[in-house]
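First up is the structure itself, then whatever we jot down about it.
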Amino acid sequence: MASRRGMVPVTMVCLIVSISIMFDVARAEEHIVGGDLGWIVPPKNISQHFFSNWSHSQSFKIHDVLVFKWGAKTQHTVLEVTRADYECCSSNNPLETLYEQNPTNITLTKNGTRYFICTISSHCKDGQKVAIHVGTGTSLVSTINILAAVASSVLIALLNF
């Protein structure tokens with residue numbers, strides 16, 4: 001039978017591994033919408049599906065931040081809309097307030113798909129819109145549950161020592 005003293009290093013290793021995994025999962029990332037080009041009307045020589053292609057190349061999770069950036073000499077907006085309004089480029093029923101600040105940062109707070117358009121002139125119809133699919137990320141509740149489980153394990157191990 002292993003001594004209790006021999007279990008302390010094992011418990012500490014498990015604790016360190018658990019905490020590092022938890023922080024890796026919970027770490028939020030910033031995504032600059034459109035990558036190097038930013039939040040622009042896609043040029044004619046770039047696919048009309050530029051933002052769709054960009055979005056599908058990303059992995060979004062809860063707590064990540066979308067950064068909508070555009071050039072200083074251009075005018076753009078960011079508006080969150082429903083899927084139906086996204087499809088027809090309508091700004092009549094916004095889900096959030098209109099953002100005109102450059103850059104605009106939006107934190108992803110839940111799983112699901114969110115839809116954003118530019119409301120300037122024909123920008124949306126010309127392709128300046130993006131659908132963001134937020135996967136199964138770590139919510140604050142699950143982070144707290146992980147911390148509670150790790151703390152309980154450590155406390156039990158120390159009490160048994």
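- The shortest non-hydrogen separation linking E96 to L79 is O-CD1, 3.5 Å.
- In this structure, the side chain of N102 engages the main chain of W70 through a donor-acceptor pair within 3.5 Å.
- Under the 4.5 Å side-chain criterion, counting only non-hydrogen atoms from C-beta, E29 is not in contact with Q58.
- Side-chain contact between L66 and I132 is present, with heavy atoms from C-beta onward closer than 4.5 Å.
- In this structure, H31 has its ring center closer than 6.0 angstrom to the ring center of F60.
- Transitive grouping of hydrophobic side chains (ILVMFWY, heavy atoms separated by less than 4.5 Å) keeps V130 and V81 in distinct clusters.
- Within the 6.0 Å centre-distance limit, the rings of F68 and F116 are counted as a close aromatic pair.
- For the pair S55 (side chain) and A131 (backbone), a donor-acceptor distance under 3.5 Å is present.
- Between the side chain of K129 and the backbone N or O of C89 there is no donor-acceptor pair closer than 3.5 Å.
- Note on V67: it does not cluster hydrophobically with F51, by side-chain heavy-atom contacts below 4.5 Å among ILVMFWY residues.
- Of all heavy-atom pairs spanning C118 and C124, the tightest one is O-CB, 3.5 Å.
- No close placement of the F50 and W39 rings is indicated, their centers lying 6.0 Å or farther apart.
- Checked by atom type and distance alone, the side chain of S121 never pairs as donor or acceptor with a backbone atom of H123 at under 3.5 Å.
- Side-chain N or O atoms of S122 include none that pairs as donor or acceptor with a backbone N or O of K125 at under 3.5 Å.
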Working for side chain to side chain contact (heavy atoms under 4.5 Å, CB included), residues T82 and L95:
CA-CA 7 Å; T82 64; L95 297 177; 3.9 Å; yes
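- Taking the side chain as every heavy atom from C-beta outward, I62 and T109 never approach each other to under 4.5 Å.
- Minimum interatomic distance between Q128 and I40 (heavy atoms only, all atoms of both residues): CG-O, 3.3 Å.
- Not one N or O on the side chain of D64 forms a donor-acceptor pair closer than 3.5 Å with the backbone of L108.
- Connection of V134 to I117 is not established within any shared hydrophobic cluster, with ILVMFWY side chains joined at heavy-atom distances below 4.5 Å, either directly or through further cluster members.
- Under the 4.5 Å side-chain criterion, counting only non-hydrogen atoms from C-beta, W54 is in contact with V33.
- Interatomic distance, N105 CG to K69 NZ, rounded to the nearest 0.5 Å: 9.0 Å.
- No side-chain heavy atom of Y115 sits less than 4.5 Å from a side-chain heavy atom of D85.
- Annotation: side chain of R114 is in contact with side chain of I106 (closest heavy-atom distance under 4.5 Å).
- Using a 4.5 Å cut-off on side-chain heavy atoms (C-beta onward), I46 and K44 make no contact.
- With rounding to the nearest 0.5 angstrom, the CD atom of E80 is 12.5 Å from the CG atom of L98.
- Considering only heavy atoms from C-beta on, H56 comes within 4.5 Å of H133 through its side chain.
- Here the OG1-CD distance, from T77 to Q101, works out to 13.0 Å after rounding to the nearest 0.5 Å.
- A donor atom on one side chain and an acceptor atom on the other are not found under 3.5 Å apart for S91 and T119.
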